[in-house]
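Okay, structure first, notes after.
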Amino acid sequence: MRDLKHLGYFEDLLQTANNELIAKAKEEGKVCAAFLCENIPEPLLNLGNAFGIRLFAPNTGSMDIATYYMTSFLCETSRALLERAIEGGYNFADCLITPDGCTMMNRCGENMELLHTMDGGDSKFFYEYMEIPLKADDNGVELMKVQCQNHILTPLAEKYGIDTSDAAIRAAVKEHNEICEIIQAIGRFRKDDKPRVTAYEFHVLTLATYVAPKYLIVDKLRETLEEIKTRTPDDKSYRARLALVGSEIDDSGVIKLIEECGAYVCVDRYCFGSFPGRVPIELNDEEDAFTQVCRHYVYMGQCPRTMNMEKVYGRKAYVNDLCKEYRADGVIYQQVKFCDPWAYERLLGSTMLRDDYGYPVLSIDRPYNISASVGQMRTRVQAFIESIEIKNLQGGAKK
């Protein structure tokens with residue numbers, strides 16, 4: 001296929017945490033609200049003069065210093081983020097908001113604060129820690145509202161004078177939804193037999209929407225969508241169509257490796273992916289926008305932290321629904337190394353998707369930077385694709 005006009009631009013944005021769009025927004029006097037977890041209601045960080053940026057650590061190498069502070073038993077994502085913070089990679093942030101989606105992210109944020117990795121003596125800079133609901137119910141929504149009010153809206157207003165009114169929240173949701181609708185529209189092309197967007201391209205575009213100011217990226221996303229609409233797909237078939245499920249994937253090399261093995265990632269359900277993170281938020285006019293945003297994140301979220309049984313079983317049903325809609329032949333269930341919540345979820349999820357829903361499942365843990373284990377990963381993915389091909393030749397079919 002013809003190269004996407006702006007793909008190189010989006011790839012460049014992912015080469016450093018402090019990309020050129022963040023620098024531009026800061027030059028314009030904007031306030032950068034950094035966050036660490038998908039459980040944070042993103043629109044609440046994009047109010048008025050503020051913009052939300054999800055921290056990540058591209059091209060991670062050694063994590064020795066972070067391991068000294070956090071030990072080798074904590075997940076590689078949290079250690080990679082702390083290492084980058086100690087290196088000064090996040091000095092663009094004006095605050096850091098960390099939820100207890102897991103204790104490891106909390107430890108990461110606490111070490112950033114204790115080591116003064118980001119505040120630089122700025123009296124306005126604040127670190128906040130949020131409690132995230134364990135259940136998706138009305139009580140969970142009320143808890144989310146209290147936490148967002150106390151740890152996002154109030155400090156942003158008091159420290160930086162950010163407008164946190166209902167009108168400001170509705171404007172932020174509108175901006176958020178446009179980004180979501182573009183990503184979802186591009187993602188729907190993955191349903192085609194001959195997709196006109198590669199899985200690698202889609203991952204780059206999606207990840208860029210989390211790590212760059214939305215108002216500075218939306219024009220190129222619009223243009224990219226129009227370009228893909230008229231793009232002629234390659235006349236080739238993939239060996240298998242796969243769903244990719246689990247914890248965050250900050251390294252686009254993971255997706256590229258899968259494609260190089262001849263498979264196509266036709267749908268994703270991982271932290272900071274398109275499902276559920278880029279599902280638009282529906283607002284009505286009868287209720288305040290703040291409540292509706294919090295409700296969306298509590299009920300739409302697919303984090304293993306939510307432990308009521310409707311959610312436990314619902315997360316697997318959600319993956320099954322996506323697999324059916326996008327016609328996946330199998331599922332790769334993955335987690336970054338030492339991620340406890342997704343380790344338990346991966347065990348249960350991979351078993352249920354295999355036994356209850358009939359999908360071939362590859363269950364793996366992986367390093368934060370795939371280059372540390374590319375040979376082993378390639379071997380496992382290739383073997384998994386071959387097993388799907390053999391099953392199809394034998395007439396096997398998922399339920």
Side-chain angles (χ1 to χ4, degrees), residues 33-42 45 52 54-57 60 63-86 90 93 95-119 126-137 139-140 143-144 146-148 150-152 155 210 245-250 270-272 276-277 294 297-298 301-309 311-312 315 333-349 365-369:
F35 66 104
L36 295 179
C37 176
E38 66 166 343
N39 288 299
I40 297 290
E42 227 181 325
L45 305 179
R54 180 256 163 157
L55 298 185
F56 77 131
T60 289
M63 294 181 283
D64 289 347
I65 299 175
T67 300
Y68 170 79
Y69 285 102
M70 297 181 67
T71 82
S72 59
F73 295 105
L74 271 65
C75 83
E76 289 198 1
T77 299
S78 61
R79 284 186 283 145
L81 294 175
L82 179 59
E83 188 83 21
R84 188 60 50 88
I86 293 172
Y90 304 137
C95 64
L96 177 66
I97 301 170
T98 306
D100 62 351
C102 69
T103 57
M104 299 186 189
M105 278 302 162
N106 249 338
R107 287 282 303 280
C108 177
E110 288 168 353
N111 275 281
M112 289 179 181
E113 180 178 9
L114 291 170
L115 296 171
H116 299 284
T117 58
M118 299 161 67
D119 53 88
F126 62 85
Y127 296 88
E128 291 288 344
Y129 302 90
M130 290 176 56
E131 181 181 356
I132 300 299
L134 287 169
K135 291 185 177 182
D137 56 19
N139 288 332
L143 174 61
M144 179 68 89
V146 170
Q147 294 294 307
C148 288
N150 292 344
H151 301 290
I152 300 178
Y210 288 98
V245 180
S247 64
E248 78 288 338
I249 299 177
D250 293 345
Y270 45 76
C271 306
F272 304 108
C294 291
Y297 275 83
V298 169
Q302 301 293 319
C303 178
R305 176 179 171 79
T306 51
M307 299 178 184
N308 50 315
M309 296 312 294
K311 272 295 188 182
V312 171
R315 287 193 290 270
Y333 220 121
Q334 57 76 35
Q335 64 164 90
V336 72
K337 282 182 179 295
F338 309 118
C339 173
D340 286 344
W342 278 105
Y344 288 106
E345 182 74 6
R346 178 167 64 95
L347 174 61
L348 180 60
D365 64 349
R366 55 172 180 81
Y368 185 77
N369 186 338

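Starting from 1, each residue takes its place in the sequence as its number. All values reported here derive from a predicted model rather than from experimental measurement.
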Could you pull out all residues at least two apart from Q302 that satisfy side chain to side chain donor-acceptor pair (under 3.5 Å)? none

Once salt bridge (charged side-chain N to carboxylate O under 4.0 Å, His left out) is applied, do any residues pair with E42, and if so which ones, sequence neighbours excluded? K214, R278

Student check: side-chain heavy atoms of P99 and M105 closer than 4.5 Å: no

Check: residues 65-75 side-chain donor-acceptor pairs under 3.5 Å, at least two apart:
| from | atom 1 | to | atom 2 | distance (Å) |
| --- | --- | --- | --- | --- |
| T67 | OG1 | M63 | O | 2.7 |
| T67 | OG1 | R79 | NH1 | 3.0 |
| T71 | OG1 | F73 | N | 3.3 |

Between the CG atom in L134 and the CG atom in N308, the distance rounded to the nearest 0.5 Å is 9.0 Å

Going by ring-ring contact (aromatic ring centres under 6.0 Å, His included), name the residues that satisfy it together with F35, two or more places apart in sequence or in a different chain. none

Please list, chain by chain and in numerical order, all residues satisfying side-chain contact (heavy atoms from CB on, under 4.5 Å) with N139, sequence neighbours excluded. D137

By side-chain contact (heavy atoms from CB on, under 4.5 Å) - contacts of A57 (at least two apart): T60, A80, L81, R84, Y90, Y368

Is the closest side-chain heavy-atom distance between M130 and C37 below 4.5 Å? no

So do the side chains of P155 and C95 get within less than 4.5 Å of each other, counting heavy atoms only? no

For T77, enumerate each residue passing the side chain to side chain donor-acceptor pair (under 3.5 Å) test, keeping only those at least two apart in sequence or located in another chain. E248

Sorted by chain and number, sequence neighbours left out, ring-ring contact (aromatic ring centres under 6.0 Å, His included) with Y127 holds for F125

Minimal heavy-atom distance between D64 and E83, with the atoms involved, is N-OE1, 3.6 Å

The residue among L55, L96, L82, T98 that forms side chain to side chain contact (heavy atoms under 4.5 Å, CB included) with C108 is L82

Spatial distance of atom CG (D119) from atom CE (M112) [nearest 0.5 Å]: 12.0 Å

Interatomic distance, NZ@K135 vs OG1@T306, rounded to 0.5 Å, equals 11.5 Å

Pairs touching residues 102-115 that satisfy side-chain hydrogen bond (donor to acceptor under 3.5 Å, both in side chains), sequence neighbours left out: E113-Y129

Intermediate values then yes/no, side chain to side chain contact (heavy atoms under 4.5 Å, CB included), V336 and D250: CA-CA 10 Å; V336 72; D250 293 345; over 6 Å; no

For V298 against P133, the heavy-atom pair lying closest together: CG2-CG, 4.3 Å

Review item, side-chain donor-acceptor pairs of residues 337-345, under 3.5 Å, at least two apart:
| from | atom 1 | to | atom 2 | distance (Å) |
| --- | --- | --- | --- | --- |
| E345 | OE1 | R315 | NE | 3.4 |
| E345 | OE1 | R315 | NH2 | 3.1 |
| E345 | OE1 | K316 | NZ | 3.4 |
| E345 | OE2 | R315 | NE | 2.8 |
| E345 | OE2 | K316 | NZ | 2.8 |

Hey, does R54 have a side-chain heavy atom less than 4.5 Å from the side chain of I40? no

Does I97 offer a backbone N or O that forms a donor-acceptor pair with the side chain of E128 under 3.5 Å? no

CG of L347 to CD of Q335, rounded to nearest 0.5 Å, is 10.0 Å

Which residues pass the salt bridge (charged side-chain N to carboxylate O under 4.0 Å, His left out) test with E76, not counting sequence neighbours? none

Hits for side-chain contact (heavy atoms from CB on, under 4.5 Å) against C303, two or more places apart or cross-chain, chain-then-number order -> E38, N39, R305

Please answer whether the main-chain N or O of D100 pairs with a side-chain N or O of E131 as donor and acceptor at a distance below 3.5 Å. no

